[in-house]
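As the structure is a computational prediction, the values presented were derived from the model and not from experiment. Atoms within a ligand are numbered from 1 in the order they appear, just like the ligands themselves.
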Amino acid sequence: MPDADPAAIRGDLTENVDAAQALTENVDAAQALTEIVGAAHTLTEPDVVGGYAVDWTGRWRGAPLAVVRPADTGQVAAVVTACAAAGVPVVPQGGNTGLVGGAVPVDGSVPLSLRRLDSRGPVDAATRTAAFGAGVPLAEAQRHVAADGWEIGVDLAARDTATIGGLVATNAGGERVIRHGLTRGQVAGIEAVLADGSVVRRMTGLLKDNVGYDLGQLLIGSEGTLGVVTAVRLRVVPAAARRAVALVGCGSVAGAVDVLAGLRPRLDAGPGELVAAEMFVDDGLALVREHTGLGAPLPDPHPAYLLVETTGGPDDALPEALAEALEATEGVRDAVVADEPARRAALWEYRERHTEAVAADGTRRGAPPVKLDVSLPPASLGPVVDDVRGVLSSAYPDAVLYLWGHLAEGNLHLNVLGVDPADERAATDLVLRTVAAAGGSIGAEHGIGRAKVPWVGLSRSPAELAAMRAVKSALDPARLLNPGVLFD
Ligand code: 2HG
Ligand code: ZN
């Protein structure tokens, strides 16, 4: 992406002083925003605004003043400046695939949809990076770099809709963390608009560039509370020539943890690299099959399933190596290995379609699931799953727990259905306290959003929270950026 000229950005801001003034005087807020982004991109009609005012789960919603769809960083800066002058909260929004209410407008706020920031730059082979506008969906960024033989180190089921800006704002995890780490590790540069409308930009791609505080890293995972991410320079890696996927039947969640522990050194010793290790269990698989019509993946059912993917070069005998490693690993009850793309994709479907299957079950039951995303030391996964099942069913006999996740990182997605809406907060408390007591984190990869604000103290000390509040106060003293997210 060509570097925007900061002077041009400042120029845009100056041109929009009138708009800021109008908003300040409350003449007509929508009109002021219209002057910045144009009438076609200032949305106030309820049926058009609707899609931006509610999250994917249907659990979180707000009544925005107007949805604004800026075309570029200059317009983002102008909107933020105008809203700051008028004291109007701004809620950055990417693909709106988040599951914790972090991109949903509070009443009277301006959701800033970043989807029009869709520039994509060429891969710079020297630094192995490519720049993208914040609004580019992950799948499009993946296709863009794949054309030149590269891939991005982040991948997740919501790839078609989740945007690069959203992945960065939430420090998303996903299915490649075992190999490449979280999104944080894939970011080589950031451009963002701060709460006062100023633009910070460090998109050079320099691989060594230590000059004081790393503002970009501070913005990653800040969930839109410190700035609006407008562009990102992402690292890329050479695309794998071959892939193999195995779906493995295991005796329990703890058994799947043991199988992975036994399998990993064997895979390390052979060709290829382990890039994914995912988990789901029998009742989740049954729900996915019912929802999708998919057939059984293995002849017999198993209590838990491990899905692993390995990648390698053109000559690597990956499926053979994977099958051999599985044969030698204790605890494997059955397994199917695939390397042909359609068969691999079919195995991934059992894992990736859990979210939509559970959402459909929520619709049937009349309430969306309570979605809890936690992480634990892998050795505690099995016992904690048993504990959570135990505490939930004794407090709420009708509760139904669906769980799946990213096994190597001990990241569980606990989806609870069948709890009376009046009891959802207490049920969440029960689960999150069980996780925290076992040394886990209440927030693994989805962020805190609005959903988990009451529980941040379970995973961060008073000193850590005080430091976070100090950072927030310094960068957004009026608390207009994504209010209600992270802090109450
Ligand atoms: C996944 O890994 C996503 O499937 C979504 O992070 C998890 O729906 C969920 O709870
Ligand atoms: Zn996940």
Side-chain angles (χ1 to χ4, degrees), residues 55-60 94-103 138-139 153-163 166-167 169-184 221 223 247 253 256 275-281 283-285 287-288 291-292 305-309 345 347-363 367-376 378 381 385 388 400-417 419 424 427-428 431-432 435 440-449 451-452:
D55 79 326
W56 185 88
T57 66
R59 175 176 289 281
W60 304 95
N96 202 9
T97 58
L99 299 172
V100 289
L138 173 60
V154 186
D155 195 19
L156 35 76
R159 60 183 73 78
D160 290 323
T161 318
T163 59
L167 299 183
T170 56
N171 188 24
E175 300 160 354
R176 298 278 180 260
V177 175
I178 186 175
R179 172 66 186 90
H180 298 291
L182 295 162
T183 299
R184 183 182 297 291
E223 301 186 44
L247 186 63
V253 171
V275 294
E278 303 282 311
M279 187 270 298
F280 50 89
V281 298
D283 50 6
L285 174 64
L287 187 72
V288 167
H291 173 72
T292 59
Y305 296 85
L306 169 69
L307 181 148
V308 291
E309 178 167 317
L347 292 181
W348 267 106
E349 272 197 78
Y350 294 109
R351 162 63 183 85
E352 289 196 336
R353 298 192 69 180
H354 272 67
T355 298
E356 67 182 78
V358 170
D361 198 27
T363 305
V370 175
K371 300 187 80 74
L372 303 172
D373 156 55
V374 304
S375 63
L376 287 147
L381 278 181
V385 165
V388 167
V400 177
L401 175 68
Y402 288 109
L403 63 94
W404 67 95
H406 314 281
L407 196 69
E409 300 92 52
N411 180 186
L412 283 183
H413 298 310
L414 303 161
N415 281 236
V416 184
L417 286 160
V419 171
E424 284 180 350
T428 300
V431 174
L432 295 184
V435 167
S441 171
I442 63 136
E445 61 164 7
H446 294 171
I448 296 301
K452 292 204 192 140

Side chain to side chain contact (heavy atoms under 4.5 Å, CB included) assessment of Glu278 paired with Tyr305: CA-CA 8 Å; Glu278 303 282 311; Tyr305 296 85; over 6 Å; no

State which residue, out of Val435, Leu407, Val374, fulfils the side-chain contact (heavy atoms from CB on, under 4.5 Å) condition with Leu412.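 When side-chain contact (heavy atoms from CB on, under 4.5 Å) is applied between Leu412 and each of Val435, Leu407, Val374, only Val374 qualifies.
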
Neighbouring protein N, O or S atoms of the Zn ion (ligand 2) [cut-off: under 2.8 Å, no waters]: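 Correct list: His406 NE2, His413 NE2, Glu445 OE2.
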
Flag the pair [X] / [Y] as yes when at least one side-chain heavy-atom distance between them is below 4.5 Å, and no otherwise.
X      : Y      : result
Leu372 : Asn415 : no
Asp361 : Tyr402 : yes
Leu99  : Asp373 : no

Heavy-atom pair with the smallest gap, counting every atom of Leu403 and Val281: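 Leu403 and Val281 have their closest heavy atoms at O-CG2, 3.8 Å.
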
Nearest heavy-atom pair of Leu156 and Ala172: which atoms, and what distance?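 In terms of heavy atoms, the two residues are closest at CD2-CB, 4.0 Å.
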
Taking ring-ring contact (aromatic ring centres under 6.0 Å, His included) as the definition, give me every residue that meets it alongside His446, ordered by chain and number, with sequence neighbours left out.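 By the ring-ring contact (aromatic ring centres under 6.0 Å, His included) rule, His446 matches His413.
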
Not counting sequence neighbours, which residues clear salt bridge (charged side-chain N to carboxylate O under 4.0 Å, His left out) with Arg59? List them please.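 Testing Arg59 for salt bridge (charged side-chain N to carboxylate O under 4.0 Å, His left out), a comparison that skips the adjacent residues, returns Glu424.
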
Ligand 1: protein N/O within less than 3.5 Å of ligand N/O:
{"residue": "ligand 1", "atom": "2 (O)", "partner": "Arg351", "partner atom": "NH2", "Å": "2.7"}
{"residue": "ligand 1", "atom": "2 (O)", "partner": "His406", "partner atom": "NE2", "Å": "3.0"}
{"residue": "ligand 1", "atom": "2 (O)", "partner": "His413", "partner atom": "NE2", "Å": "3.0"}
{"residue": "ligand 1", "atom": "4 (O)", "partner": "Arg351", "partner atom": "NH1", "Å": "3.1"}
{"residue": "ligand 1", "atom": "4 (O)", "partner": "Arg351", "partner atom": "NH2", "Å": "3.4"}
{"residue": "ligand 1", "atom": "4 (O)", "partner": "Trp404", "partner atom": "NE1", "Å": "3.1"}
{"residue": "ligand 1", "atom": "6 (O)", "partner": "His413", "partner atom": "NE2", "Å": "3.1"}
{"residue": "ligand 1", "atom": "6 (O)", "partner": "Glu445", "partner atom": "OE2", "Å": "3.1"}
{"residue": "ligand 1", "atom": "6 (O)", "partner": "His446", "partner atom": "NE2", "Å": "2.7"}
{"residue": "ligand 1", "atom": "8 (O)", "partner": "Thr355", "partner atom": "OG1", "Å": "2.7"}
{"residue": "ligand 1", "atom": "8 (O)", "partner": "Lys371", "partner atom": "NZ", "Å": "2.9"}
{"residue": "ligand 1", "atom": "10 (O)", "partner": "Lys371", "partner atom": "NZ", "Å": "3.4"}
{"residue": "ligand 1", "atom": "10 (O)", "partner": "Asn415", "partner atom": "ND2", "Å": "3.1"}

